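The structure under discussion appears below in the form of structure tokens.
Since the model is a prediction, treat every value here as computed from it, not as a measurement. All values below were derived from every heavy atom in this structure, side-chain atoms included, with hydrogens, water molecules and symmetry-related copies excluded. Remember, it's 1-based here, ligands and their atoms both numbered in the order they're listed.
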Amino acid sequence: MKLYRTVKGNYVEHDHRCFRIPLDRWDAVVNHKDLQGYLVSIVASGTVAEKIRSSELLAPVEGQDVWAAGVTYYRSRSARMAEAKVAGGGDFYDRVYSAPRPELFFKSTAAHVAGPGAKVHIRRDATWSVPEPELTVLMNGLGQIVGYTVGNDMSSRDIEGENPLYLPQAKVYDGSCALGPCILVGSEPLPPSTPIRLEILRAGQTEFSGATSLAELKRPITELGEYLFRENSFPLGVFLMTGTGIVPPDEFSLAAADRVRITIDPIGTLENEVIQGKA
Ligand code: DO4
Ligand code: MG
């Protein structure tokens, strides 16, 4: 079942049929004490609603913050070691890749999250910008995984590589986080074979494409969640991006008007256009 937040309200989709959820607050929906059971009951007894148009979709977030895990794929470790070498920071990435404690960082408040079709930004003071396609989990206030979405952890690689202490500036700025198009509800882990695909379009042509799968993710997602909840409370739940396994070649940098298309098959496709600087 897929959960959508739209300009017209909240909807559940099952077997290509949509049903209106009679709760207007997204926070109330995603924190329902038995979310899956609640949605099943709506599908069983509700009236079929009109199909949701992509232009009506909102980011599937209201009162949830977004956090992110880093260096959870070998590809991310290697790319970051190379980018930080000159600054002497390469070693950090190798150490965090193999340490028991993962890298976790604050990514975005809800207000700053771009939804499907909204714009993602590249910084005006960055010269090397990339999208990071990441499976993103929604955890409820109890720290339980209740669903999955597609995330884009936009990053400025030159700023990050110059000094690891610049990470928040490389990662947290207007338009640096996108989520959507929906929440795939379910607590069952997605299979390791689940593919994550990235396509970057420039003037309508594919400029870069790449793929990975969850089998390449080094740590169990439940372990990332356990660290996140250790000394933090999230009464309204929280999104956790699980890291990138796709890094375009070093010569590549995003440009204004590029389109970033990220697909995780059981969930869907998140597509955003890139702009430079503040809207
Ligand atoms: O260590 C910097 C950030 C890593 C990250 O965002 C990732 O691996 O996805
Ligand atoms: Mg990332």
Side-chain angles (χ1 to χ4, degrees), residues 65-108 112-114 120-123 126 128-138 148-173 175-180 194 196-198 200 208 210-221 223-225 227-228 238-250 252-254 260 262 264 270 272 274:
D65 287 342
V66 184
W67 281 66
V71 201
T72 50
Y73 289 79
Y74 194 78
R75 176 73 186 111
S76 175
R77 168 203 166 273
S78 313
R80 291 194 148 88
M81 283 178 74
E83 97 197 350
K85 211 174 193 143
V86 179
D91 187 38
F92 283 102
Y93 297 104
D94 187 38
R95 279 163 47 196
V96 82
Y97 182 73
S98 36
R101 182 187 290 277
E103 179 196 3
L104 294 175
F105 59 92
F106 178 78
K107 179 66 187 177
S108 185
H112 284 89
V113 176
V120 288
H121 300 196
I122 47 179
R123 293 184 63 115
W128 190 13
S129 303
V130 290
E132 294 193 353
E134 307 192 7
L135 174 71
T136 302
V137 294
L138 170 61
Y148 301 88
T149 190
V150 181
N152 180 355
D153 169 25
M154 294 281 288
S155 300
S156 313
R157 291 191 66 189
D158 54 324
I159 295 176
E160 179 187 289
E162 191 177 334
N163 188 322
L165 297 180
Y166 293 159
L167 186 79
Q169 293 177 74
K171 292 286 190 178
V172 184
Y173 57 89
S176 68
C177 178
L179 295 178
T194 303
I196 301 175
R197 294 195 184 89
L198 169 65
I200 301 169
F208 170 79
T212 187
S213 80
L214 288 183
E216 302 298 317
L217 177 58
K218 181 166 187 268
R219 300 171 189 265
I221 294 173
E223 181 187 299
L224 298 173
Y227 269 96
L228 181 60
V238 63
F239 285 90
L240 176 59
M241 308 179 99
T242 58
T244 188
I246 307 172
V247 182
D250 290 355
F252 177 86
S253 181
L254 283 171
V260 178
I262 304 171
I264 304 181
L270 171 65
N272 300 93
V274 175

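The shortest side-chain heavy-atom distance between Thr136 and Lys107 does not fall under the 4.5 Å cut-off. The shortest distance between side-chain heavy atoms of Thr244 and Pro133 falls below 4.5 Å. Between Pro249 and Phe208 there is a side-chain heavy-atom pair separated by less than 4.5 Å. Looking only at side-chain heavy atoms (C-beta outward), Tyr73 and Ile246 stay at 4.5 Å or farther from each other. Inter-residue side-chain proximity for Met241 and Cys177 is flagged as met; some heavy-atom pair is nearer than 4.5 Å. The shortest side-chain heavy-atom distance between Asn152 and Val260 falls under the 4.5 Å cut-off. Within the 4.5 Å cutoff, the side chain of Tyr173 has no heavy atoms near those of the Ile159 side chain.
Heavy-atom proximity to Gly243, at under 4.0 Å, picks out these atoms of ligand 1: 9 (O). Taking every heavy atom of Glu134 and a limit of under 4.0 angstrom, the matching atoms of ligand 1 come to 9 (O). Every atom of ligand 1 with a heavy atom of Ser76 under 4.0 Å away is listed here by number and element: 7 (C), 8 (O). Those atoms of ligand 1 with a heavy atom of Gly70 less than 4.0 angstrom away are 4 (C), 5 (C), 7 (C), 8 (O).
Looking at Lys171 against ligand 1, only its side chain comes within 4.0 Å, counting heavy atoms. No part of Tyr73 comes within 4.0 Å of ligand 1, judged by heavy-atom distances. With a heavy-atom cut-off of 4.0 Å, Asp153 touches ligand 1 through its side chain alone.
Summarising the local packing, OH of Tyr227 is surrounded by more than 12 heavy atoms from other residues, nucleotides or ligands at distances under 6.0 Å. Counting non-hydrogen atoms of neighbouring residues, nucleotides and ligands closer than 6.0 angstrom, the CZ atom of Phe105 exceeds 12 such neighbours.
Considering only non-hydrogen protein atoms, atom 1 (O) of ligand 1 sits nearest to Glu103 OE1, 2.8 Å.
Geometry note: the Mg ion (ligand 2) is the vertex, Glu134 OE2 and Glu132 OE1 are the arms, and the angle is 100° (rounded to 10 degrees).
A side-chain donor from one of Lys171 and Ser155 sits under 3.5 Å from a side-chain acceptor of the other.
Ligand 1 has no N or O atom lying under 3.5 Å from any N or O atom of Thr72, backbone or side chain. Among the atoms of Tyr93, none of the N or O lies under 3.5 angstrom from an N or O of ligand 1. Close N/O approach between Val71 and ligand 1 is found [any backbone or side-chain N/O within under 3.5 Å]. Residue Glu160 places no N or O, backbone or side chain, under 3.5 Å from any N or O of ligand 1.
When you scan the N, O or S atoms of Asp153 for the one nearest the Mg ion (ligand 2), you land on OD2.
At least one heavy atom of Phe105 sits less than 4.0 Å from an atom of ligand 1.
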